[in-house]
Amino acid sequence: MKPINVGLLGIGTVGGGTFNVLKRNEEEITRRAGRPIRITTVADKNLEHARKVTGGAVKVTDDAFAVVADPEIDIVVELIGGYGVARELVLKAIENGKHVVTANKALLAVHGNEIFAAAQKKGVMVAFEAAVAGGIPIIKALREGLTANRIQWLAGIINGTTNFILSEMRDKGLPFADVLKEAQALGYAESDPTFDIEGVDAAHKATIMSAIAFGIPMQFDKAHVEGITKLESADITYAEQLGYRIKLLGIARRRDNGVELRVHPTLIPAKRLIANVEGAMNAVLVQGDAVGATLYYGKGAGAEPTASAVIADLVDITRLHTADPEHRVPHLAFQPDQVQDIAVLPIDEVITSYYLRMRVEDKPGVLADITRILADSDISIDAMIQKEPGEGEAQTDIIMLTHQTVEKNANAAIARIEALPVVCGKVTRLRLENLQ
Ligand SMILES: NC(=O)c1ccc[n+]([C@@H]2O[C@H](COP(=O)([O-])OP(=O)(O)OC[C@H]3O[C@@H](n4cnc5c(N)ncnc54)[C@H](O)[C@@H]3O)[C@@H](O)[C@H]2O)c1
Ligand SMILES: N[C@@H](CCO)C(=O)O
Ligand code: NA
């Protein structure tokens with residue numbers, strides 16, 4: 001059996017994992033793929049490290065462009081990351097007629113439309129299972145397993161670093177900065193960890209999933225992105241008291257007038273399975289009209305879990321590459337000429353429930369003033385806590401959970417509440433999803 005030849009660009013965390021798993025499970029993988037998958041060349045700008053990992057078994061170079069131009073290479077695996085050189089290398093590989101496997105969600109969310117169009121034109125495959133939720137086969141599930149369904153919404157814990165931070169802060173009371181350093185040492189974080197903690201990485205992944213779920217282009221620039229850096233521990237505690245957990249969720253939801261695409265800290269009922277996903281684990285909940293709710297769980301980051309997805313893509317390509325391009329699974333689940341230009345809704349138009357925390361004067365009638373404003377705006381209250389003021393304190397906290405409303409309506413009501421003389425400072429507002 002003639003091996004399929006792979007050029008590996010970047011042998012860091014994921015590249016190293018890919019190299020090792022491919023070697024360890026070589027026989028089993030060959031039995032599945034139908035022919036050996038052989039890494040023939042590794043390109044990494046850190047030559048010494050690349051030589052150490054590969055142990056002299058393959059050709060090592062610091063010139064990734066030479067690899068994408070090498071006529072012997074059938075598949076290029078891009079594990080460098082970022083939008084710069086990675087974009088150039090992927091486009092060059094496609095131009096040279098090579099299939100591409102990438103774990104680079106940033107690249108696909110921002111330049112995916114260009115990359116998939118180029119691949120389509122050239123008749124090559126671009127596979128990216130590792131780009132969303134690492135080892136969980138969520139791309140496969142959305143693209144192939146759920147094709148009978150009109151997918152209504154999906155919501156996922158799709159950033160291991162932030163889920164790890166939230167879990168460790170809640171369980172062990174550890175400070176944010178210390179836990180972030182630990183996540184970096186464990187290889188979960190992006191090279192720029194602000195992408196993790198500010199929600200950008202999760203938004204890249206949600207963007208990719210929204211395209212496959214709804215048959216729309218990548219619209220990362222329209223996604224609403226909020227991270228966990230402004231989250232206060234008081235809200236994590238109050239949420240627990242009300243029976244909720246706070247998770248950084250990536251949400252994509254079909255509405256009559258467009259698609260919601262948003263990442264933000266979200267209260268979810270503690271009794272939901274997904275609320276109990278802890279540490280660096282990921283989980284994605286997908287609601288289809290025929291299948292109902294389905295939940296996908298597993299390791300979303302780290303060397304070997306991510307390598308698992310990279311290699312699954314290599315096997316898929318090995319099996320399919322001799323197939324007529326017309327008969328392959330479409331890159332983005334829908335046939336390329338069937339992608340619909342459905343717009344992502346501005347965040348003001350999103351429909352969700354809210355958690356509101358406000359500091360108020362401990363005076364009669366305060367609660368009545370606040371509930372009147374909410375009633376005027378047609379916002380129902382679902383649950384409430386009013387704290388006793390501390391010893392000698394003239395102020396106290398009120399926490400409310402509301403029913404669903406359009407965000408602009410909630411914002412207008414909150415502005416009126418903040419204008420009340422008995423309300424001190426800003427109202428803390430978090431979104432809440434029941435995920436049903
Ligand atoms: N680490 C994870 O758990 C994880 C999970 C899923 C997806 N990803 C994605 O996988 C990709 C790789 O991530 P990683 O964590 O392995 O990163 P990494 O920083 O550990 O590895 C990147 C490697 O690329 C090399 N490199 C950088 N510029 C280069 C260039 N111009 N030419 C050749 N080599 C170059 C670096 O020397 C390094 O060895 C990123 O797109 C990341 O978002 C990572
Ligand atoms: N930085 C990412 C890696 C996996 O994509 C995370 O923490 O989930
Ligand atoms: Na995946």
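Counting starts at 1 for both ligands and their atoms, in listed order.
Using a 4.0 Å cut-off between charged nitrogen and carboxylate oxygen, E433 and R253 count as a salt-bridge pair. Salt-bridge formation is not detected for the pair R38/E26: no Lys NZ or Arg NE/NH1/NH2 atom is positioned less than 4.0 Å from an Asp or Glu carboxylate oxygen. Comment: R262 does not engage E226 in a salt bridge, judged by the lack of any side-chain N to carboxylate O separation of less than 4.0 angstrom. A salt bridge between K387 and D397 is absent, with no side-chain N of the basic residue lying under 4.0 Å from a carboxylate O of the acidic one. Salt-bridge check for E304 with K299: failed, with every basic side-chain N at 4.0 Å or more from each acidic carboxylate O. Checked for salt-bridge contact, E129 and K140 miss the test: no charged N lies under 4.0 Å from a carboxylate O. A salt bridge is defined here as a Lys NZ or Arg NE, NH1 or NH2 lying under 4.0 Å from an Asp or Glu carboxylate O, and R255 with E349 fails to meet this definition. Taking 4.0 Å as the cut-off between side-chain N and carboxylate O, E95 and K122 do not count as a salt-bridged pair. Salt bridge absent: E260 and K222 never bring a charged side-chain N and a carboxylate O closer than 4.0 Å. One finds a salt bridge joining R357 and E232 here, because a Lys/Arg side-chain nitrogen approaches an Asp/Glu carboxylate oxygen to under 4.0 Å.
Looking only at side-chain heavy atoms (C-beta outward), R429 and Y355 stay at 4.5 Å or farther from each other. Proximity of L166 to I228: side-chain heavy atoms (C-beta onward) are separated by under 4.5 Å at one or more points.
Remark: minimum distance from atom 30 (C) of ligand 1 to any protein heavy atom is reached at I80 CD1, 3.7 Å. The shortest contact between atom 7 (O) of ligand 2 and any protein heavy atom is with T161 OG1, 2.6 Å. For atom 15 (O) of ligand 1, the closest non-hydrogen atom on the protein side is T13 CB, 3.6 Å. Atom 9 (C) of ligand 1 has A103 O, 3.3 Å as its closest protein atom, hydrogens excluded (heavy atom only). Counting only heavy atoms of the protein, atom 42 (C) of ligand 1 lies nearest to E190 OE1, 3.7 Å. For atom 22 (C) of ligand 1, the nearest protein heavy atom (residue, atom name, distance) is L79 O, 3.5 Å. In this structure, atom 31 (N) of ligand 1 lies nearest to the protein heavy atom V85 CG1, 3.8 Å. Among protein heavy atoms, atom 8 (O) of ligand 2 sits closest to G160 N, 2.7 Å. In terms of protein heavy-atom proximity, atom 5 (O) of ligand 2 is nearest to K105 NZ, 2.5 Å. When only non-hydrogen protein atoms are considered, atom 16 (O) of ligand 1 lies nearest to V14 N, 2.8 Å. At the shortest separation from atom 3 (O) of ligand 1 among protein heavy atoms lies G302 N, 2.7 Å.
The shortest separation from a heavy atom of A130 to ligand 1 is under 4.0 Å, placing the residue in contact. At least one heavy atom of I11 sits under 4.0 Å from some atom of ligand 1. Residue contacts with ligand 1: K105 is included, with a non-hydrogen atom under 4.0 Å away. Taking 4.0 Å as the cut-off, S191 does not count as a neighbour of ligand 1 on heavy-atom distance.
In summary, the atoms of ligand 2 found under 4.0 Å from a heavy atom of A189, numbered by their order in the structure, are 1 (N). Heavy-atom contacts of D196 reach the following atoms of ligand 2: 1 (N), 2 (C), 6 (C), 7 (O) (cutoff under 4.0 Å). Using a 4.0 Å cut-off to heavy atoms of A301, the atoms of ligand 2 that qualify are 3 (C), 4 (C). The ligand atoms of ligand 2 that sit less than 4.0 angstrom from a heavy atom of G300 are 4 (C), 5 (O). When each atom of ligand 1 is checked for a heavy atom of G81 under 4.0 Å away, the hits are 40 (C), 41 (O). Counting the atoms of ligand 1 from 1 in the order shown, those under 4.0 Å from a heavy atom of A301 are 3 (O). Distances below 4.0 Å separate heavy atoms of G187 from the following atoms of ligand 1: 1 (N), 2 (C), 3 (O). For ligand 1, the atoms closer than 4.0 angstrom to any heavy atom of G10 are 23 (C), 24 (O). Counting the atoms of ligand 2 from 1 in the order shown, those under 4.0 Å from a heavy atom of K205 are 2 (C), 4 (C), 5 (O), 6 (C), 8 (O). Ligand 1 places these atoms under 4.0 Å from at least one heavy atom of N104: 41 (O). Residue contact check: E190 has heavy atoms under 4.0 Å from atoms 1 (N), 2 (C), 3 (C) of ligand 2. Ligand-side atoms of ligand 1 in range of G12: 16 (O), 20 (O), 21 (O), 23 (C), 39 (O), range being under 4.0 angstrom from any heavy atom. Contact atoms of ligand 2 toward Y188: 1 (N), 2 (C), 3 (C), 6 (C), 7 (O) (distance under 4.0 Å to a heavy atom of the residue).
One side chain, E78 or N104, offers a donor N or O that lies under 3.5 Å from an acceptor on the other. Judged by distance alone, the side chains of D63 and T61 never bring a donor and an acceptor atom under 3.5 Å apart. Donor-acceptor pairing under 3.5 Å is lacking for the side chains of T352 and Q404.
Remark: ligand 1 and G134 share no N or O pair separated by less than 3.5 Å (distance only, no angle test). Geometrically, ligand 1 and K45 share a nitrogen or oxygen pair separated by less than 3.5 Å.
When all heavy atoms of K59 and D70 are compared, the closest pair comes out as NZ-OD2, 4.3 Å.
Under the 4.0 angstrom criterion, atom 20 (O) of ligand 1 counts as having a protein heavy-atom contact.
One finds the CG atom of N46 at 10.0 Å from the CZ atom of R51 (value rounded to the nearest 0.5 Å). Rounding to the nearest 0.5 Å gives a distance of 11.5 Å between CD1 of I37 and CG of N25. For the atom pair S210 OG and L142 CG, the distance stands at 10.0 Å (nearest 0.5 Å).
Comparing heavy-atom distances from atom 25 (C) of ligand 1 across V42, T18, D44 singles out D44 as nearest.
The side chain to side chain contact (heavy atoms under 4.5 Å, CB included) test with V76 singles out one residue from K98, K92, H99, and that residue is K98.
At a 4.0 Å heavy-atom cut-off, ligand 2 does not touch A183 at all. Under 4.0 angstrom from ligand 1, the non-hydrogen atoms of T306 all belong to its side chain. Under 4.0 angstrom from ligand 2, there are no non-hydrogen atoms of T306.
For I136, the nearest N, O or S atom to the Na ion (ligand 3) falls under 3.0 Å. Contact annotation: V132 places an N, O or S atom under 3.0 Å from the Na ion (ligand 3). At least one N/O/S atom of G134, whether from backbone or side chain, sits less than 3.0 Å from the Na ion (ligand 3).
In this structure, the ring of F195 has its center less than 6.0 angstrom from the ring center of H204.
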